[in-house]
Visitor: 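Got a structure here, written out as structure tokens. Questions coming.
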Protein chains: 2
Amino acid sequence: MPVKDYKKSIFEQFARTGKAFSNAHRIELLEILAQGERTVEQLSNAADLTVANTSQHLQLLRNAGLVTARKVGQYVHYKLSDDLVIDLLVALRKLSERHLAEVERLVNTYLTVKDDLEPIPINELMERAGDGVVTVLDVRPEVEYKAGHIQGALSVPMDQLEDRLGELKPNQEVVAYCRGPYCMLAYDAVAKLREKGFTARRLDEGFPEWRKAGMPVEMKDE
Amino acid sequence: MPVKDYKKSIFEQFARTGKAFSNAHRIELLEILAQGERTVEQLSNAADLTVANTSQHLQLLRNAGLVTARKVGQYVHYKLSDDLVIDLLVALRKLSERHLAEVERLVNTYLTVKDDLEPIPINELMERAGDGVVTVLDVRPEVEYKAGHIQGALSVPMDQLEDRLGELKPNQEVVAYCRGPYCMLAYDAVAKLREKGFTARRLDEGFPEWRKAGMPVEMKDE
DNA sequence: GACTCATTCAATAGAATATGTGATTATTGA
DNA sequence: TCAATAATCACATATTCTATTGAATGAGTC
């Protein structure tokens, strides 16, 4: 095989990986999988796609080596094949934010409160959580909490927050987190908590970034 | 705009960036541009595409915000809009290498000498170049050298190497570099130099990585 | 102003992709 | 064994992407 063909085929291989990121639904699926393992049905619900369609996108992602599947009974569980996929997702987010004015517009329109909430960086939360002086609040749906969460975090899904305020220590600062930079659950939670008189901030990033940073993670039990 | 639409449009924006990386020719163009600024004609030659086709791919890349163009006389010079693009290219390479067995096969087939050549990492070259004890050799085509090269490097394009061996100090170690991890020029150069009795190694990575690492760079003059 | 050259544009045909529908497979539990 | 369910497959269709061709633009030159 001449060098020219070698070059051609290696770029084709890269493009195969790139193609996985060329469709909005697939990116959404990957972002959901960045939270943790999910079944096809869960994914199709979360991304609002038909099951067949979801399945096909997953096949493509699997062929590109980005996700792996394991069958448990009649369910097939998919997950990201490793953290390099998260690296690429993060690089894609950063690049898009930097270069597409439209992204910035969308983010500003929807996350206007962003600067008011004084986000706390991962490192700082890690230190302070160790001292036991903050309540770490996971406001994602319970199923996502069960699949993996920050060590010591309390699960209070957003839609139950108002009813369960009594479970929080009144004088302790609360740090809420959710899925990642474009997830609005934690914003809503902090707004609600402050409204009710709590001292609350949100984690700078989401659960995938926390795990990626090598910080302690738990599964299932609180 | 409801949250659902917001989510939809933000993933669509990410996909727009992703699409740029979904075609082998476009990735090749980006890799070439990672070397430095190029005109449309240079790009079309290097990537072996028609000018019109090259131009169209460049439009797409420009719309995605990945490259910028400036017109000088009748020539249009394109370059990467910033280093985040290189970050994404690198992430894409790494991910593809990890997950596509085919990439590994290609790399092994063509770069079998890889381990024999004891590549020198960027940091180490930086230290040793400061002491003036190594000759740094740029074996890319001269036009690429002129567009930017490692400070103090000597330009000896691969096809002239054999005729210009006299310009090298015989007792000094030579470090050759070229475009990046999949560029074979530096491998060929090291093999040739060793054959002729020189002590030669190749730089671990290429010029884009060197510049990216914040190491000193020169343009035009040697 | 006519000419040349680099680049872009516009139109087209053909290839690849995305999605919905309905059938098929695999597994579980009755 | 049969029914129910999760997931995949197979096909048809609409859409999008890509490469090609030839014309248009626009800057420099004679």
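Residue numbers start from 1 in every chain, and the chains themselves are labelled A, B, ... in the order their sequence lines are given, proteins ahead of strands. What you see is a predicted model, and the numbers here were worked out from it, not measured in a lab.
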Visitor: Applying a 4.0 Å non-hydrogen cut-off, can you work out what B:T39 is touching in the nucleic acid: base, sugar-phosphate, or nothing?
Guide: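 Result for B:T39 = sugar-phosphate.
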Visitor: Please determine which of B:E144, B:E31, B:E209, B:E28 meets the salt bridge (Lys or Arg N to Asp or Glu O under 4.0 Å) test together with B:R179.
Guide: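 Passing option: B:E144.
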Visitor: Taking only the side-chain heavy atoms of B:R26 (C-beta and beyond), determine which of D:dT21, D:dT18, D:dT8 contains the nearest atom.
Guide: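 Comparing D:dT21, D:dT18, D:dT8 against the side chain of B:R26, the answer is D:dT18.
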Visitor: How would you list all residue pairs meeting side chain to side chain donor-acceptor pair (under 3.5 Å) that involve residues 63-72 of chain B, not counting sequence neighbours?
Guide: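 Qualifying pairs, neighbours excluded: B:E37-B:R70.
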Visitor: Name the nucleic acid region contacted by A:Q59, choosing base, sugar-phosphate or nothing; use a 4.0 angstrom heavy-atom cut-off, strictly under.
Guide: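 Counting heavy atoms under 4.0 Å across all strands, the contact made by A:Q59 is with sugar-phosphate only.
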Visitor: Whole angstrom is fine here: how far is it from CG in B:L58 over to P in C:dT8?
Guide: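 Distance, rounded to whole Å: 7 Å.
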Visitor: If you look at every strand shown and take non-hydrogen atoms under 4.0 Å, does A:V40 touch a base, only sugar-phosphate, or nothing?
Guide: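 Sugar-phosphate contact only.
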Visitor: Whole angstrom is fine here: how far is it from CD in B:Q56 over to P in D:dG22?
Guide: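 Going from CD in B:Q56 over to P in D:dG22 covers 15 Å.
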Visitor: Whole angstrom is fine here: how far is it from NE2 in A:H25 over to C1' in C:dT19?
Guide: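 That distance rounds to 9 Å.
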Visitor: Starting at atom CG of A:N23, determine the distance to atom C1' of C:dT17, rounded to an integer number of angstrom.
Guide: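 Distance, rounded to whole Å: 9 Å.
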Visitor: Could you give the NE2-to-C1' distance, from B:H57 to C:dT7, as a whole number of Å?
Guide: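 After rounding, the gap between these two atoms is 16 Å.
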Visitor: Rounded to whole Å, please give me the gap between CG in B:N53 and P in C:dA6.
Guide: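 After rounding, the gap between these two atoms is 18 Å.
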Visitor: Whole Å only: how far is the CG atom of B:L49 from the C1' atom of C:dT7?
Guide: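 That distance rounds to 15 Å.
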Visitor: Can a cation-pi geometry be assigned to A:R202 and A:Y187, taking NZ or CZ under 6.0 Å from the six-membered ring centre and within 45° of the ring axis?
Guide: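 Yes - A:R202 lies over the ring of A:Y187, closer than 6.0 Å to its centre and within 45° of its axis.
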Visitor: Verify the contact: side-chain N or O of A:Y75 to OP1 or OP2 of D:dT8, cut-off strictly under 4.0 Å; return yes or no.
Guide: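 So the side chain of A:Y75 is outside the cut-off, no N or O lying under 4.0 Å from OP1 or OP2 of D:dT8.
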Visitor: When you check every protein heavy atom under 4.0 Å of nucleotides 23-30 of chain C, what one-letter string (B, S, -) results, 5' to 3'?
Guide: ---SBS--
Visitor: If you look at every strand shown and take non-hydrogen atoms under 4.0 Å, does A:R62 touch a base, only sugar-phosphate, or nothing?
Guide: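 Nothing, no nucleic acid heavy atom in range.
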Visitor: Using whole Å, report how far CG of B:N63 lies from P of D:dC17.
Guide: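 That distance rounds to 12 Å.
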Visitor: Work out which heavy atom in B:Y145 is nearest to a heavy atom in B:R140; give both atom names and the distance.
Guide: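 So the minimum-distance heavy-atom pair works out to CA-NH2, 3.9 Å.
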Visitor: OP1 or OP2 of C:dT8 less than 4.0 angstrom from a side-chain nitrogen or oxygen of B:S55, does that happen here?
Guide: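 For C:dT8, OP1 or OP2 has a side-chain N or O of B:S55 closer than 4.0 Å.
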